[in-house]
K.L.:
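Got a structure for you, written out below as structure tokens; questions coming shortly.
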Amino acid sequence: MITVSGLLQIKGNAVWTVSSDATILDALRCLKEKDVGALVVVDADQMVGIISERDFVRSIAETGNCLIDAPVRNLMTQDVITVAPDQTIEACMQLMTAHKVRHLPVMHEDHLVGLISIGDVVKEIISSKESLIDNLENYITGRGYGH
């Protein structure tokens with residue numbers, strides 16, 4: 001069973017951040033430039049929230065306005081669900097499903113060390129299942145095993 005730490009070794013641990021004072025437009029530009037769906041909101045080296053594409057869409061739907069000059073703090077999610085490097089990706093999938101989130105910051109001893117998305121988790125689960133199927137097929141047919 002692969003852990004979050006193992007997943008970060010595969011995908012990398014780059015985390016794109018924005019301050020809570022940044023404008024919504026700045027955050028949107030960063031999302032586009034980095035081709036990501038969420039940014040971790042960090043002030044004074046501490047995670048204070050997360051802002052995702054969904055947050056922007058919900059805000060526009062609720063207010064009928066796109067307040068691009070408003071600060072990120074107005075839209076960010078403050079109660080962030082996080083995971084530790086030693087958690088399994090299966091546990092992450094359960095958390096994401098239960099809480100209806102698509103991104104999980106990875107924290108180690110109160111430090112942000114990565115960010116995983118639902119896409120990362122699903123891709124790794126599929127890869128792991130395909131590998132298991134290949135191994136079982138090889139075992140059944142005798143390929144790769146000495147007789």
Side-chain angles (χ1 to χ4, degrees), residues 1-62 68 70-146:
M1 226 177 294
I2 190 164
T3 61
V4 171
S5 178
L7 178 57
L8 289 177
Q9 288 176 358
I10 295 165
K11 75 159 266 194
N13 61 350
V15 181
W16 306 111
T17 64
V18 66
S19 79
S20 66
D21 292 329
T23 65
I24 299 301
L25 183 58
D26 290 336
L28 288 169
R29 285 181 173 147
C30 187
L31 287 171
K32 180 188 178 296
E33 178 186 320
K34 303 303 181 188
D35 193 27
V36 294
L39 302 170
V40 178
V41 184
V42 175
D43 287 337
D45 292 329
Q46 292 295 310
M47 181 179 65
V48 295
I50 190 166
I51 189 149
S52 70
E53 295 166 328
R54 279 177 142 182
D55 295 319
F56 298 114
V57 171
R58 284 187 176 135
S59 171
I60 294 167
E62 288 172 4
I68 60 173
V72 165
R73 82 173 67 75
N74 290 7
L75 298 185
M76 72 181 190
T77 299
Q78 294 179 27
D79 190 17
V80 182
I81 298 162
T82 64
V83 292
D86 61 348
Q87 285 183 259
T88 66
I89 58 169
E90 287 82 1
C92 293
M93 178 65 84
Q94 290 172 347
L95 265 177
M96 291 172 154
T97 302
H99 295 280
K100 297 182 180 153
V101 297
R102 296 179 183 183
H103 300 87
L104 294 171
V106 183
M107 302 295 288
H108 179 67
E109 297 178 1
D110 293 328
H111 296 322
L112 179 64
V113 296
L115 179 70
I116 61 172
S117 71
I118 188 74
D120 299 328
V121 172
V122 169
K123 180 180 174 184
E124 191 53 42
I125 287 174
I126 289 170
S127 175
S128 137
K129 300 296 182 203
E130 286 174 347
S131 177
L132 176 62
I133 289 168
D134 287 345
N135 287 338
L136 288 171
E137 285 176 348
N138 288 340
Y139 177 75
I140 290 167
T141 61
R143 287 189 303 249
Y145 292 92

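We're numbering straight along the sequence, starting at 1. What's counted below: heavy atoms across the whole structure, side chains too, no hydrogens, waters or symmetry copies.
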K.L.:
Measuring only between side-chain heavy atoms, which start at C-beta, is Ile81 closer than 4.5 Å to Leu95?
P.N.:
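Yes; the side chains approach each other to less than 4.5 Å.
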K.L.:
Do Gln46 and Val42 have side chains that approach each other closer than 4.5 Å (heavy atoms only, starting at C-beta)?
P.N.:
no
K.L.:
Should Asp45 and His111 count as side-chain neighbours, where that means a heavy-atom distance under 4.5 Å?
P.N.:
no
K.L.:
Going by atom types alone, do Asp43 and Ser20 pair a side-chain donor with an acceptor below 3.5 Å?
P.N.:
yes
K.L.:
For the CZ atom on Arg54, are there more than 12 heavy atoms of other groups (residues, nucleotides or ligands in this structure) within a distance under 6.0 Å?
P.N.:
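Yes - once you tally the heavy atoms of other residues, nucleotides and ligands closer than 6.0 Å, there are more than 12.
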K.L.:
Do the side chains of Phe56 and Leu31 get nearer than 4.5 Å, heavy atoms only?
P.N.:
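Touching, per the 4.5 Å side-chain cut-off.
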K.L.:
Hey, are the side chains of Ser117 and His103 touching, using non-hydrogen atoms and a 4.5 Å cut-off?
P.N.:
yes
K.L.:
Output yes when a side-chain donor or acceptor of Asp35 lies under 3.5 Å from a complementary backbone atom of Lys32, and no otherwise.
P.N.:
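Judged by distance alone, no pair lies under 3.5 Å.
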K.L.:
Please report the shortest heavy-atom distance between Pro105 and Leu112, naming the atom on each side.
P.N.:
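For Pro105 versus Leu112, the nearest heavy atoms are CB-CD1, 3.8 Å.
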K.L.:
Is Thr88 close to Ile2 at the side-chain level, that is, under 4.5 Å between some pair of heavy atoms?
P.N.:
no
K.L.:
Grab the two heavy atoms, one from Leu7 and one from Ile89, that are nearest each other, plus how far apart they are.
P.N.:
CD2-CG2, 3.9 Å
K.L.:
Within the structure provided, determine whether Ser19 and Val41 are in side-chain contact (heavy-atom separation under 4.5 Å).
P.N.:
no
K.L.:
Flag the pair Met107 / Val83 as yes when at least one side-chain heavy-atom distance between them is below 4.5 Å, and no otherwise.
P.N.:
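Contact flag for Met107/Val83 side chains = no.
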K.L.:
Specify the closest pair of heavy atoms between Val48 and Met76, including all atoms of both residues, with the distance to one decimal.
P.N.:
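Reported closest heavy-atom pair: O-CE, 3.5 Å.
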K.L.:
So, the side chain of Lys11 versus the backbone of Leu115: is there a donor-acceptor pair under 3.5 Å, distance only?
P.N.:
yes
K.L.:
Give a yes or no on whether the backbone of Ser59 and the side-chain of Glu62 come within a donor-acceptor separation of less than 3.5 Å.
P.N.:
no
K.L.:
Without swapping roles, check the side chain of Thr77 against the backbone of Val80 for a donor-acceptor pair under 3.5 Å.
P.N.:
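Not a single qualifying donor-acceptor pair exists.
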K.L.:
What do the steps show when you test Leu39 against Thr17 for side-chain contact (heavy atoms from CB on, under 4.5 Å), and what is the final call?
P.N.:
CA-CA 5 Å; Leu39 302 170; Thr17 64; over 6 Å; no
